[in-house]
Amino acid sequence: MPDPRAGWSRGDRALAAGKLMLAWVALLWLLEVVDVATGHALDGFGVTPRDPSELVDVVPSSFIHFGFAHLAANTVPLLVLGFLAALAGLRRFLLVCALIVVADGLGVWLIAPADTNTAGASGVIFGLFGFLLVTGFVERRPLGVLAGVVIAAIWGGSILAGLAPTQSGVSWQGHLIGLLAGVAAAFLFRRPVEPPGSARPAP
């Protein structure tokens with residue numbers, strides 16, 4: 001069956017990526033409104049390490065935040081990095097995000113300190129950063145390499161700070177696992193290198 005996106009222009013892909021990320025961020029804000037309205041009942045969907053019953057929260061934990069300040073800090077990087085990653089194709093983007101969310105949640109469950117509750121989209125943000133940082137090199141695409149360099153220049157300092165184990169109240173374990181999952185996703189879901197002069201397929 002022909003790919004229905006084969007005729008998509010760059011503008012079409014940008015519009016689809018923008019709509020997807022705006023919907024994602026809107027969902028996160030809606031969930032936080034519900035959380036506050038219910039006396040933070042949704043905070044229980046964070047991950048508490050090494051409790052078998054908490055495995056069901058591995059995925060939901062990436063969509064829950066501990067207050068509007070926590071969510072606001074994650075909103076812009078998630079929106080921008082997610083938009084850039086989704087430009088290369090929505091199906092691949094969703095696979096990349098699924099891998100990051102599951103790997104990050106499981107990693108937190110395995111190695112986070114006991115009696116902690118970890119939630120938030122920062123693991124996804126670190127994963128998308130890692131994915132965008134290396135995917136241009138993996139696929140040998142000059143524009144992707146340039147994008148990775150620019151992203152590193154803008155967010156590299158914040159990423160490094162988020163990996164520091166000395167910060168209280170910050171899950172550096174979740175950040176590190178998310179970053180590694182994003183790098184792994186760049187290899188697992190890489191697009192084939194196109195021969196010179198070949199027509200570029202739709203992502």
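This one's a predicted model, so the numbers in the text were calculated from it and none came from an experiment. When a residue number appears, it is its place in the shown sequence, counting from 1.
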Practice problem: For side-chain contact (heavy atoms from CB on, under 4.5 Å), just list the numbers for F189 and L99, CA-CA rounded to whole Å, side-chain angles, deciding distance to a tenth of an Å, and then say yes or no. | Solution: CA-CA 10 Å; F189 302 117; L99 173 63; 4.0 Å; yes

Measure the [atom1]-[atom2] distance between [X] and [Y] for me, rounded to the nearest 0.5 Å.
X	Y	atom1	atom2	answer
I159	I125	CD1	CD1	8.0 Å
L143	L87	CG	CG	11.5 Å
L78	L71	CG	CG	9.0 Å
D104	L176	CG	CG	9.5 Å

So, using side chain to side chain contact (heavy atoms under 4.5 Å, CB included) as the criterion, who are the partners of [X] when residues are at least two apart?
X	result
P60	F45
A103	A181
L79	M21, L22, V25
S53	D51

What are the two closest heavy atoms between [X] and [Y], and how far apart are they?
X	Y	result
P142	R140	CD-O, 3.7 Å
L28	S62	CD2-O, 4.5 Å
G148	L133	O-CD1, 3.5 Å
G46	A119	CA-CB, 3.9 Å

Does [X] reach the side chain of [Y], with side-chain heavy atoms less than 4.5 Å apart?
X	Y	result
V96	L188	no
F93	L128	yes
L84	I151	yes
W24	C97	yes

Quiz item: What's the verdict on side-chain contact (heavy atoms from CB on, under 4.5 Å) for V101 and V58, showing C-alpha distance, side-chain angles and the deciding distance?
Solution: CA-CA 8 Å; V101 167; V58 161; 5.7 Å; no

Quiz item: Which is it for I111 and I177 under the side-chain contact (heavy atoms from CB on, under 4.5 Å) test, yes or no, and what are the steps along the way?
Solution: CA-CA 10 Å; I111 69 171; I177 295 164; 3.6 Å; yes

Decide whether [X] and [Y] are clustered together by the hydrophobic rule: side chain heavy atoms of Ile, Leu, Val, Met, Phe, Trp, Tyr closer than 4.5 Å, transitively.
X	Y	result
V59	L106	yes
F66	F63	no
V80	L179	yes

For residues 161-173, dump all side-chain donor-acceptor pairs below 3.5 Å to protein atoms at least two apart in sequence or in another chain.
{"from": "Q167", "atom 1": "NE2", "to": "A161", "atom 2": "O", "distance (Å)": "2.2"}
{"from": "S171", "atom 1": "OG", "to": "G174", "atom 2": "N", "distance (Å)": "3.1"}

Exercise. Sorted by first residue and then second, give each side-chain hydrogen bond (donor to acceptor under 3.5 Å, both in side chains) pair with at least one member in residues 108-130; sequence neighbours left out.
Key: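 As it turns out, the side-chain hydrogen bond (donor to acceptor under 3.5 Å, both in side chains) pairs with a partner in residues 108-130, which skip direct neighbours, are S122-H175.
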
Quiz item: Applying side-chain hydrogen bond (donor to acceptor under 3.5 Å, both in side chains), which residue pairs with at least one partner in residues 30-46 are found, sequence neighbours left out?
Solution: D35-H40

Treating [X] as the side-chain partner and [Y] as the backbone partner, does any N or O pair qualify as donor plus acceptor under 3.5 Å?
X	Y	value
R13	A88	no
R50	A112	yes
R190	F187	yes

Exercise. Just jot down the ring-ring contact (aromatic ring centres under 6.0 Å, His included) partners of F68, sequence neighbours excluded, or say none.
Key: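 ring-ring contact (aromatic ring centres under 6.0 Å, His included) check on F68 returns W29.
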
Quiz item: What residues form a ring-ring contact (aromatic ring centres under 6.0 Å, His included) with F131, not counting sequence neighbours?
Solution: none

Quiz prompt | Partner set under side chain to side chain donor-acceptor pair (under 3.5 Å) for D57, not counting sequence neighbours | solution = none

Quiz item: If you measure from the Lys or Arg side-chain nitrogens to the Asp or Glu carboxylate oxygens, is any gap between R191 and E139 under 4.0 Å?
Solution: yes

